[in-house]
Each structure stands twice: as C-alpha cells, then as structure tokens.
Trainee: 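I have a structure I would like to understand better, so I am pasting it below and will then ask my questions one at a time.
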Amino acid sequence: MQTSTVSQHFAGTYAEARRKFLDAAGTLGAVIETFELPGYLGAQGETLATDIAYLGARTARRLLILSSATHGPEGFCGSGCQIATLHDADLLQRLERASIAMLMIHAVNPYGFSHLQRTNQDNVDLNRNHIDFSAGLPRNEGYPALDPLIIPATWPATAEDDQALAAYVDRHGLPAYHSTLSRGQYSNSGGMFFGGFRPTWNNLTVRRILRAHASEATHIGWIDLHTGLGPNGHGEKIYAGQMRPADLARARAWWGSDVFAPFEGNSESPVVSGPVACTLYDECPQAASALMALEFGTLPFMEMIERLRASHWLIRHPDAPAVQQQQIRQQVRDAFYCDNDAWKGAIWGQTRVALLQALTGLASPSAK
C-alpha cells in the first residue's frame, strides 16, 4: 500500500476506529464478537467495547494474535494497523494458504482509547494488571515518596515542584527514578502506573477471549502494538513474555536478534509486572508461544512522561477548567499518535514485516 492509502485506515477517534474495524472485519466474513464495557460511555457518548475478529478455520492449530489499545490512545496506531491488515489481501491469502488463523483484539482498553488516557476506567495500567493476585501484591517501596513529586497539587507544576523532583532524581539517579516510576505500583489507586488491587474487566475479558478462541491452538504468536518509547517512527521489538529461555529464543528466531528483553536491561521498556500477553501462559498452557510488543517511538521520553504527569493530575482534578482538560487530553493524544502520513506509513510497514515474520515462524515445520 502507498502511504496515502495506508492513512485511510487510521481514525481520529475511538468511535471512528471501532466502526472501521467492524466494517472491514464484517466485509471479510470474520467471526466477530463484542464485549461491552458496562457502566461507562465514551467521550462522544458512544458504547465502549473490546471487539474481536477471528479469521481462518476454527480448527486451526496455529494462531496469530494482533492486539491494540492496551494503553488507551496508543490504539490510534494499533487500530490503524489492524484495519490495514484486514485490507491486505496478499497477507490474508498467505495466512490462509499456511492454515494459520488470525485473532484480532481491537481496543483492549476502550475507555482509555476514547477518553484519551493511558490507563483504563479504574486508572489501572493494564500492562501491570496481569499478575497472580492470589500471590499477593508486588511491592514498590519507593513509589509513595515519589508520588507527590510527579503529580503535584497544581498543574502546570510550579518552579518549587520542579526543583523538588530534580532533587529526587539527583539523590537517587535517573535509572532508579525511571524504575520506581514505571515498573508498576499497587498501593495508590490514583497514582501513575497503578497495577490494580484485583483483575480488571479488561484482564478478565482478554482471558475470556483466549479461552474461546485460542485454547486449542498448539502454536501462538502474539504482537501487541504500542507507542510512546524510542525514536520517532522506529518500532522496537520488545519480548513480552516471562523469563523463559525457550520462549525468548523462539521470539528472536521469528523476529530477529534485535528482539530486546527488558529483564536483560537493553530495552527502551522497563521491566513491567503484568503484561497483557502473559495471560497466554494461564489460558493457553498447551501452546508454544512467541510474544512481542512492537513499540513505535513518538516523543522524547521525558516529554512523554511530562504529558502523562499532566494526564494523571487531570484524573485527580476532574473539575479542572474545560479548556485545560481539552489541552491536556490533546497533548496526550499527540504523545502517543503522530497524525501524519509518513509516520503512519512507517509503522504500518514495520508491522506488516513483523506479521510476515510471525507467519513464517508459525508455518515452519516445528514452529520454532
């Protein structure tokens, strides 16, 4: 597809993205299932839902999953690539010839997608929520002291607020600051990178989807589309599974040696406590898996964090002036979605390559 053609598959709002996805999936005769989020409406008063489209034989034992909007406005990218895939006849024919089914999970976090916030309706970061809650909550001892520094009482932060945060970073070092901030915390439900006190509706919905559509697969590849980290337009391939050497080796065999593992310390992504894709280990233990987050860069890291700080300040201050609310939400949208043809073309090209690589890996005799 030409860049200008690719751009037509992207949307300006969650409601538009959902409509385009369902229309494209319906045209192909895909199995469509809708999971409505109860008790909430979108920014335009629309129904909020996670939708799935399943393409291929129900008896297929090799399955490719493509998911979007784990982190709300990152869904503009992910949804666009899903819709572009549904319009890519060559790619879909290759999957069919190889007897590989595809499962698309559209808008894992529909509330955040519509309302332009990275977290869900409970302020939970969904890549920190997919943990074993019966084992007790992970501890992040440093977060309570950091919280009032990153989400000050007023926004924009005052000069005194900036000085206090800078002093914290000087004392602890930038790597420790990043780790304490972003690895996940389970003590402050109004804070940043909150992992939740229990499984969210989104968590339970993904598990329902996997049980219904992936429980018989013997080999599964999963690409979860993200934005926000790294150089603009570059897709970093981030291993999204647990510390299992065979699974990491399989991911690198499929997608290349430049699949980075956060626990090895070489990724733009921090080590996070509960990625969405790790639900596969619980719900599809029979499957050999290759799990990857494909993360496309937008803004420099510190600028992106600044906009997330503003977003979390707004969550704590829903009575903020309407103009300020609109400005903060627009800045968050721009932090995770570069609304120009060149960026869209770049991310779709890299996504298509990753899909073809996954197809090749799943189609190999041993699917190693």
Side-chain angles (χ1 to χ4, degrees), residues 1 6 9-11 14-37 48-58 60 62-72 74-96 98-110 113 126 202 205-215 217 219-227 240 276-277 279-280 283-284 287 289-294 296 347-348 350-359 362:
M1 298 180 193
V6 170
H9 302 312
F10 291 77
Y14 159 77
E16 181 188 4
R18 184 179 184 223
R19 184 176 67 252
K20 286 186 172 185
F21 176 79
L22 292 174
D23 286 350
T27 298
L28 291 172
V31 173
I32 296 171
E33 192 171 2
T34 292
F35 301 84
E36 290 189 9
L37 173 64
L48 296 175
T50 295
D51 298 291
I52 70 101
Y54 184 97
L55 294 162
R58 302 298 294 174
R62 299 179 188 233
L63 177 68
L64 177 55
I65 301 174
L66 184 64
S67 54
S68 68
T70 292
H71 290 138
E74 298 179 30
F76 290 104
C77 159
S79 173
C81 290
Q82 288 176 316
I83 295 163
T85 301
L86 292 171
H87 284 87
D88 192 324
D90 174 70
L91 179 56
L92 297 178
Q93 288 166 6
R94 290 172 186 246
L95 287 166
E96 184 177 9
S99 298
I100 296 170
M102 172 170 275
L103 171 62
M104 291 193 182
I105 307 175
H106 184 266
V108 172
N109 175 10
F113 193 170
L126 297 181
N202 316 77
T205 298
V206 168
R207 293 177 185 277
R208 286 178 62 190
I209 292 167
L210 293 177
R211 286 195 294 270
H213 300 284
S215 61
H219 297 80
I220 299 176
W222 189 336
I223 301 173
D224 191 27
L225 295 167
H226 288 264
T227 61
V276 170
T279 53
L280 200 72
E283 306 303 335
C284 307
S289 63
L291 312 178
M292 179 176 72
L294 190 53
F296 294 102
I347 65 169
W348 165 239
Q350 292 168 84
T351 299
R352 190 175 194 275
V353 169
L355 289 168
L356 288 169
Q357 290 173 317
L359 187 160
L362 284 166

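Hydrogens, waters and symmetry mates play no part in the numbers below; they use all other heavy atoms, side chains included.
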Trainee: I need the minimum non-hydrogen distance between Ala214 and Leu63, along with the two atoms involved.
Mentor: CB-CD2, 3.5 Å
Trainee: Return the NE2 to SG distance between His71 and Cys77, rounded to the nearest 0.5 Å.
Mentor: 13.5 Å
Trainee: Quick one: closest heavy-atom pair of Ile65 and Ile220, and the distance?
Mentor: CD1-CG2, 3.8 Å
Trainee: Measuring from atom CD1 of Ile32 to atom CG of Leu22, what distance do you get when rounded to the nearest 0.5 angstrom?
Mentor: 5.5 Å
Trainee: List the steps, then state whether side-chain contact (heavy atoms from CB on, under 4.5 Å) holds for Arg58 with His213.
Mentor: CA-CA 8 Å; Arg58 302 298 294 174; His213 300 284; 2.9 Å; yes
Trainee: Is there a side-chain contact (heavy atoms from CB on, under 4.5 Å) between Leu55 and Leu95 once you walk through the steps?
Mentor: CA-CA 9 Å; Leu55 294 162; Leu95 287 166; over 6 Å; no
Trainee: Which atom pair, heavy atoms only, marks the closest approach of Thr50 to Val108?
Mentor: OG1-O, 3.6 Å
Trainee: Please lay out, stage by stage, how Leu294 and Leu225 fare under the test side-chain contact (heavy atoms from CB on, under 4.5 Å).
Mentor: CA-CA 5 Å; Leu294 190 53; Leu225 295 167; 4.0 Å; yes
Trainee: Under the rule for ring-ring contact (aromatic ring centres under 6.0 Å, His included), what residues qualify as partners of Phe113, not counting sequence neighbours?
Mentor: Tyr14, Phe76
Trainee: Can you list the steps and then say if Ser67 with Val276 is a side-chain contact (heavy atoms from CB on, under 4.5 Å)?
Mentor: CA-CA 10 Å; Ser67 54; Val276 170; 5.8 Å; no
Trainee: Ignoring hydrogens and angles, state whether a donor on the side chain of Thr34 or Asp51 is under 3.5 Å from an acceptor on the partner side chain.
Mentor: yes
Trainee: Distance alone, cut at 3.5 Å: any donor-acceptor contact between the side chains of Ser289 and Trp222?
Mentor: no
Trainee: Taking Gln82 for the side chain and Ile105 for the main chain, is one N or O donor matched with an acceptor at less than 3.5 Å?
Mentor: yes
Trainee: Determine the minimum heavy-atom distance between Ala30 and Ala53, stating which atoms define it.
Mentor: CB-CB, 4.1 Å
Trainee: So how far is it from Leu64 CG to Met102 CE, rounded to the nearest 0.5 Å?
Mentor: 4.0 Å
Trainee: Restricting to salt bridge (Lys or Arg N to Asp or Glu O under 4.0 Å), what partner residues turn up for Glu96, sequence neighbours left out?
Mentor: none
Trainee: Please check: side-chain N/O of Glu283 versus main-chain N/O of Arg211, any donor-acceptor pairing under 3.5 Å?
Mentor: no
Trainee: Do Asn109 and Thr70 come within less than 4.5 Å of each other through their side chains, counting heavy atoms only?
Mentor: no
Trainee: Identify which one of His106, His87, His9 satisfies the ring-ring contact (aromatic ring centres under 6.0 Å, His included) criterion when paired with Phe21.
Mentor: His106
Trainee: What distance do Asn202 atom CG and Leu126 atom CG have between them, rounded to the nearest 0.5 Å?
Mentor: 4.5 Å
Trainee: Would you say that Leu355 contacts Asp88 through its side chain, given a criterion of any heavy-atom pair below 4.5 Å between the two side chains?
Mentor: no
Trainee: How far apart are the closest heavy atoms of Ser99 and Ala60, and which atoms are they?
Mentor: O-CB, 4.0 Å
Trainee: Decide yes or no on salt bridge (charged side-chain N to carboxylate O under 4.0 Å, His left out) for Asp90 and Arg352, but give the supporting numbers first.
Mentor: CA-CA 11 Å; Asp90 174 70; Arg352 190 175 194 275; 3.0 Å; yes
Trainee: Would you compute the distance between atom CD1 of Ile52 and atom OG1 of Thr205 and round it to the nearest 0.5 angstrom?
Mentor: 12.0 Å
Trainee: Which pair of heavy atoms, one from Ser68 and one from Gly78, lies closest together, and at what distance?
Mentor: CB-C, 3.6 Å
Trainee: Roughly how far, to the nearest 0.5 Å, is the CG atom of Leu362 from the NE2 atom of His219?
Mentor: 8.0 Å
